[in-house]
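Below is one structure, written out as C-alpha cells; comments come after it.
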Amino acid sequence: MSVFRSFLIASTILPALVLHEARADTPARQNTGKKQTSGAPVTGEAKIPAKPKTVVNTGLPEQITVSAARRPTPADEIGTSMTIITEEQIQTQQRRGLSDILARQVGMNVVQSGGPGATSSIFMRGGNANQVKVRLDGMDINDGSTPAGSFDPAQFTTDGMGRIEVLRGPQSGLYGADAMAGVIDITTAQGQGRFKPFVRIEGGAYGTFNQAFGARGSAGRFHYNIDLSHYRMDGFNSIPAYAERAYGADWRQRHEGNRNDNRSANIRLGYDVTDNFDVGLTSRLVQSNYHSYSLYDLQSENEYGYSGLREQNNSNEAVVRGTAHLVSGGGFFDQVIGLGYMTNRNRWTETGTYYGSPANPDPDYYRSSRLKIDWHGTFNLRQYGSLLIGAEHFHDTFNTSHTPASEWDSGYNNSASMDTTAGYGQYQGNWNKILYGAANIRYDANSRYGNHVTWRVAPAIHVPGTGTIIKASAGSGFHGPSLYQLFASQVGAGYAEVGNPKLRAEKLIGYDAGVEQKLLNNHLNFGATWYDNRVQNLIQSSLAIDSGNYIYSYANVAKARMYGVEAFLNWKALESLAFSLNYTWTHTRDESTGGELQRRPQHKFNFNTTWTPVRNLTFSGNILYTSGWRDLPVIGYATCATCAKGHGYFTIDIAANYKINRYVTVFARADNLLNRQYEPSLGYLQPGRGGYAGFTLSY
C-alpha cells in the first residue's frame, strides 16, 4: 500500500504546481476534492456520484456511463452507442447467466453451442467474437487459452454483478486490441450500509439445482461484497430430432444428456484510508465441469465405429485485481494505479472406444495467463472540460499440451508469450451545453504483431428546448492474432494444425450516427442509429493437403463490411409499469467472396416489460425474436461455413418476484414458454419449456 501511495503522490507533483498558479482565479465555493461517498471503484474509474432520492413520476432514470470515457459521464453527453444493464434489471428478470442477459441486448447476437454451460460466442455489430473486448472490474478477461482468444460467457454467472456497460463500435482508442467491435465492461457491486447476508435456493427443469449465498455491507471505512454460488444442470439433450433421424440414433443416444456443474466465488473489498485515498481488491474464481454428448459424437458412433463417446471440459479461471485511488489538488487530479492477474486452465478429454481401444485416452490441456499493470489520471479543467492520460502493460502466456497415446499420436507441448505496452490520451468537454464530445488516441506496441495507433471521436449535439440529441462517432480498431494462431503446433497421423507467425493484426474503420428523442417529461425516449464498419486482414483458417495429410493453419485472407441499424424505445407508462424494446438490423458481407458471414442473423427484436401491481410483487416478461442466418451444414460432409441456413425463432419468458417480508422473497420463472425447438447454432438445440422456482432468505 505504501508503494502504491508513494507512486500516486509523486505523480501529483506536476499537476499540483500547475494548480498553484491557477488557484488565484478559482472561486472559493468550488469543491474541496474530498470524496462524496465512501469507497472508490476497484475498476480504476471514478465513482458515479450518489443520486438524490426520487419522487413519484420522475420519468426514466438518468443513465451515467463510466466506461465510455473512463470517468462518470451522463450517457447523453457522449456520442458512443451504449447499453447500461443494472443489478436490479438482472435480478428482476432472473437472468442467472451472463449469456442470457447479453442475448437480449441491441446490436448483439449470442450463439451457444449446446445447453447451459456450453461454449458461447458474442457477436457485436456483425463482428467476430474475438473482436469484442470484455473487462471485469478493470481487468481484460478475453481467454488467451482458446485458439481465437475470445471471451466465452458460458460459465460466467451474474451473481455479484452491479452493472454491465456495453459500448458498441470501435473502442480501441481507449481500450486497445480486441476492442474492434465494442467493449463489455462488468463491475462487481460494492457493499454499503449494514451487514446484509443472503441465501438463495433455486430448482427446476433439466435437473437444475442452484445455490448462492453471501453478504455485503460496510463497517466504518471498510466495505465488502462476497458472493458464493453453485449451479447444476443435468439431463438436457442438445441434439435436434432431424439429426437423430439422419444418423439413426437409438434410445440411449436420444436420451444421452449434458451435465454442467459450476462453482463461483465473487469478492469485492475496499478500504478508505483517508477522505481522498482508498484501496480496493476484486476477485472472481470459476471452476466448472461440462459433460456433453453432441451431434458429432452421434455421427462418430454410428458412422465411424466409435462407441460410448462423451466429452468432458474442465475449466478453472481466476481473475484478481487490486487498485489504489488518489484524488488530489482539490479535485483537480484523480488517478488510479492497478495491478491485475488472470489465469485459465482448461482440460478436454473424450471417453469411449474405437474398435475396442480407448478413443482419446489422454487429455488435451490449454493454459494461459495475463499480467496487467496500468495507471491513468484525469485532470479536471472545470469549465474547460477534462483531460485523461494513461498507460498499460500486459504480459500474456500460452501453453497447450497432449501426451502421446499411441504410435500414431506424436503428442505436443507448445508455449509462447508476448508483451504489449500502450499509452493513451483523451479530451472531453462541451460548448454552451449544446455540443458535447470526447476524442481519444492510443498507441500500442506489441512484441509479436507490431505497433498500432488507434483513435476515436464521439460528439453529441443537444438541440435546445426539444429533447432531441444527435449522436455520432467514428474510430479505428484492431485485433491481434492469438498466441495459438501464431505458434500452435499439433501434429498427428494424417492431420496437423500449425500456427502462422507472419499473421498481421486485423484492422477496422467504423462510424455511426443517430438521433435520440425524449418526450412526456422523459417518460418516453426512443432513438435509432446507423452504423458501418469495414475490416481488412481478417484472420481465417486455411487448409492445405500434402501427400494425403491435412494441414490446417491461419492466414490474413479476407475483407468484410458490416452495416445496419439499431433502434430502441423505453416507456415508463406508470410508476409501476415500464416497457422497453429494441431492434437490430445487421447486414454482413465477406468482400473477398461476396457471401454472408456465418451466424449473423439479419433481424433481431426484443421486448421487455416490468410490472409492479402491488408493493413487493414484480412481474417481468420478455419476447425475443431472431431471424435466420447462414451456418455450417451438420448433415453430410460439406465443409462450407455458410452453405446451410438456420431457421429463425422466437421465445417468450416470464418471471415473478414476491417479497413476503424483510427476510423472505420467493420467485418463479418460465423460460421458452411456448416450447419452441430452436438452434442459435445449427446442430445444437436449446432447452425447451422449463419452469424454475426458489426462495431467498436475507437479513
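Residues take their numbers from the sequence shown, with the count starting at 1. The structure displayed is predicted, hence computed values, not measured ones.
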Sub-3.5 Å donor-acceptor pair from the side chain of [X] to the main-chain atoms of [Y], do we have one?
X    : Y    : result
D419 : D396 : no
H393 : D374 : no
K604 : A103 : yes
Q112 : G115 : yes
D137 : T188 : yes

Test: R669 cationic atom under 6.0 Å from Y692 six-membered ring centre, within 45° of axis
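Checked: cation-pi criterion met.
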
Any L597 side-chain heavy atom under 4.5 Å of T642 side chain
no

Is the closest side-chain heavy-atom distance between Y293 and E301 below 4.5 Å?
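They are in contact (side-chain heavy atoms under 4.5 Å apart), so the answer is yes.
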
Interatomic distance, [X] atom [atom1] to [Y] atom [atom2] [nearest 0.5 angstrom]:
X    : Y    : atom1 : atom2 : value
R268 : Y224 : CZ    : OH    : 14.5 Å
I85  : L102 : CD1   : CG    : 5.5 Å
Y554 : N500 : OH    : CG    : 11.0 Å

Aromatic ring centroids of F398 and F487 under 6.0 Å?
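Here the rings of F487 and F398 have centres that are no less than 6.0 Å from each other.
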
Which label fits F156 and F151: parallel for a plane angle under 30°, tilted from 30 to 60°, or perpendicular past 60°?
perpendicular

Will you find, in the side chains of [X] and [Y], an N or O donor that is under 3.5 Å from an N or O acceptor?
X    : Y    : answer
Y306 : Q299 : no
D631 : Q598 : yes
S150 : N130 : no

